[in-house]
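First up is the structure itself, then whatever we jot down about it.
Start at 1 and go down the list; that is how both ligands and their atoms are numbered. Small disclaimer: the values here were computed from a predicted structure and weren't measured.
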Amino acid sequence: MIDADAGKSKTESDTQLPFEFEVSVQIIDRPRRFLTFESRNTFTNALTGDKLTRQLESQVSNKRRKIYHEHGNLLNFFTNPSEAVKKTIKKNLEKSKLGPSSDKDKVSKLADDVSKVKISKPAPVKKPATVSKPKQKINLDLELKKKNEKPNLSFVVIGHVDSGKSTMTGRLLYDLNIVDSKTLHKLTKESESIGKASFSLAWIMDQTSEERNRGITVDICQTQFETKQSSFTIIDSPGHKDYVPQMINGVTQADLAIAIIDASSFESGFIADGQTKEHLTIAKSLGIEKCILLINKMDVVGWSKDRYDEIKGQLTEFLTDELKYVKDDLIFLPASGYLGDNIVKKSKNLPWYSGSSLIELLESENKSVNHKIDKKSPFVMTINDVMESSKNDELTVSGRINSGLIQPGESISISPSQQTALIHSITITKSNVGSSLVKNEAQKLAIEGEFVELKLKKLDNWENIKVGDLCSLANNPIKPCNKFSCELQCFELTRLLLIGTPFVMFRNNISIPARLSSIELVNGKKNKKKHLRSNTVSTVTIEILERDMPLLTFGENKKLGRVVIRKDGFTVAAGKILDLLHE
Ligand SMILES: Nc1nc2c(ncn2[C@@H]2O[C@H](COP(=O)(O)OP(=O)(O)OP(=O)(O)O)[C@@H](O)[C@H]2O)c(=O)[nH]1
């Protein structure tokens, strides 16, 4: 069963690591979540003579991802190393073409080590004996009222490549005086010097040299800003089709989407493989109910009302008929991000448009957010970033609070590693875009919708904490699992979606290999077929392939209970998690 000759199929581009043969790579890393760092280190050391470094670990891990689906059954061998399995491993390793005798010694030592490796199964979820109370007693109603005086609206900017997302965002921040003219002047000079003068506004958001040289956004850029009445988080996402996963991550953190549509080349973004349709489909599938459709580059089409009406008509038909958006939740706005028409200032070039400017629309949406916190809804936060720490039991994590509220002094559980930690402090970072000025404001209370940093203490080991993990109150731990039933909506498919075929599943900011393990109902009827077709709604069971994941059902959380499925670089389906199937 173990393919000892797997190494023969290597291609030249698939560089062989100095110590590597493919069987062993999987043995080391396949059940990574369940091995202590120490065990992984002992094992790598036995194999390579090297200490396990982050670089080595990530090399191994990348390889594993590529070849995992061919050898997934090795997990069973490794997690249950019975005598028979140990013998099989030893036999196959010896058979493998490792060459000279010194390698044979290594093989034999390695096989012995397999039996010694400790496998730490995920700890059973147990309620901690004591749950610590908040450090400070606060008047909750008063604090919530204060928070709601300036509620935070998070919006994501989406759309086809080069439609003008970063330029519009830069213009918005510049016209609100959040970016000063000195910064813009510097960016203009820098962009002129490499012959990309028209990108100076976009560079306010596109800050990496890769983004500036290529003239495209490659990852989300998030920043918080305030006006007199409102507080906003703006997330600029990439439009290029190679970066849809990053765009999905941006959408999962937003309350509202602004889709930027290029009036001068609307059709190229709207046809089959353009990103306008795909982005809007993803936004709706991930629970974005309200959308501003900003028809951009109106200066290029001579501020034409006919062109605007034509685009508005086609988009409305697609959004209401195919994506089932409610017409009143779609707001259309003609604008020029480059010249600033209808962004902050009302346009004189568009006399036929009597509606609001973008900032007016955002302020009015912000008021309607007015987070009505259900004080009893459970605290859940997705980890967006982990700031490494020099102390093993301390760590700062950042993320958006998905539901509920939290105070310093409370203890939390982090899933899937099931560790508990004490919240030492909570801060909100407000950065001044384009400058290095960063304000960290300490919070007595943090609530649903806020982007916060939690300084954690009393952790067992921060090594096991990863982006995408879920935090909850310590007395309400989230049990990880690898199977769930799901209501799945398939989009236009170029090939049938077969039971067993792997795909990539996105949940919030995590992407992970998964597959359909059974199909129960298709369009409401019992089903015996082994595949799904385009435009069907089905009830299916999905199995996650790499590890157990912390999941919540759609009933528990309307955002975290959703998944998007992509295959061969296309978004093929989206679903709602109905039930978790714990084994
Ligand atoms: N004439 C005109 N040009 C614009 C307008 N908005 C953006 N552009 C130009 O369009 C080009 C692309 O703009 P970006 O803001 O980088 O586009 P983007 O959508 O952020 O690009 P990606 O993030 O890579 O998808 C730049 O040359 C901009 O100057 C506009 O309103 N009018």
Side-chain angles (χ1 to χ4, degrees), residues 155-175 179 184 187-188 190-223 234-251 257-266 268-270 273-280 282-283 292-304 307-308 311 332-350 353 357-358 433-434:
F155 61 90
V156 62
V157 186
I158 58 175
H160 190 61
V161 68
D162 277 352
S163 54
K165 297 177 289 297
S166 304
T167 302
M168 184 288 292
T169 309
R171 167 60 73 179
L172 178 71
L173 295 170
Y174 179 66
D175 284 357
V179 172
L184 186 65
L187 292 176
T188 308
E190 283 171 10
S191 53
E192 274 170 4
S193 72
I194 63 160
K196 289 183 185 276
S198 70
F199 283 88
S200 54
L201 282 163
W203 280 17
I204 291 171
M205 295 305 276
D206 293 343
Q207 290 169 0
T208 67
S209 54
E210 184 189 0
E211 289 178 320
R212 290 180 176 186
N213 288 329
R214 292 179 63 190
I216 60 167
T217 309
V218 303
D219 203 350
I220 55 170
C221 173
Q222 175 190 313
T223 197
I234 182 166
I235 303 163
D236 183 20
S237 70
H240 195 280
K241 63 179 183 323
D242 290 350
Y243 302 105
V244 172
Q246 286 81 344
M247 174 268 172
I248 292 177
N249 184 6
V251 171
I258 304 182
I260 307 289
I261 316 291
D262 181 346
S264 64
S265 60
F266 164 70
S268 64
F270 200 61
D273 61 346
Q275 264 51 63
T276 306
K277 273 189 179 173
E278 185 173 20
H279 280 197
L280 288 166
I282 289 170
I292 296 178
L293 287 305
L294 187 145
I295 316 298
N296 195 33
K297 305 196 188 180
M298 287 301 294
D299 54 304
V300 183
V301 295
W303 313 99
S304 159
R307 179 65 173 156
Y308 171 79
I311 295 170
F332 286 87
L333 166 71
S336 166
Y338 190 65
L339 299 175
D341 288 61
N342 277 348
I343 304 297
V344 172
K345 293 171 210 139
K346 282 283 221 3
S347 171
K348 291 196 178 100
N349 295 309
L350 297 158
Y353 172 78
S357 67
L358 180 63
V433 196

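Residues Thr276 and Ile261 form a side-chain contact, since some pair of their non-hydrogen atoms from C-beta on lies under 4.5 Å apart.
For ligand 1, the polar-atom distance check finds no N/O of Val161 at less than 3.5 Å from any of the ligand's N/O atoms. Below 3.5 Å of separation, one finds no N or O of Asp236 facing any N or O of ligand 1.
Distance CG/Asp162 to OG1/Thr167: 8.5 Å, rounded to 0.5 Å. Note that CG of Leu358 and CG of Asp341 are 12.5 Å apart. Values are rounded to the nearest 0.5 Å. Rounding to the nearest 0.5 angstrom, the gap separating the CZ atom in Phe270 from the CD1 atom in Ile311 is 10.0 Å.
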**OP:** For side chain to side chain contact (heavy atoms under 4.5 Å, CB included), just list the numbers for Ile234 and Leu172, CA-CA rounded to whole Å, side-chain angles, deciding distance to a tenth of an Å, and then say yes or no.
**Re:** CA-CA 10 Å; Ile234 182 166; Leu172 178 71; 4.1 Å; yes
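The nearest non-hydrogen atom to atom 31 (O) of ligand 1, considering only Ser166, Gly337, Ala263, comes from Gly337. Taking all heavy atoms of His160, Lys165, Gln275 into account, the minimum distance to atom 25 (O) of ligand 1 is reached by Lys165.
With a heavy-atom cut-off of 4.0 Å, Val300 touches ligand 1 through its side chain alone. The part of Asp299 lying near ligand 1 is the side chain, judged by heavy-atom distances below 4.0 Å. The backbone and the side chain of Thr167 each have at least one atom closer than 4.0 Å to an atom of ligand 1 (non-hydrogen atoms only).
Atoms of ligand 1 found under 4.0 Å from any heavy atom of Ser336 (numbered from 1 in listed order, with element): 30 (C), 31 (O), 32 (N).
Classification of Asp236 and Lys165 as a salt-bridged pair fails, no side-chain N sitting under 4.0 Å from a carboxylate O.
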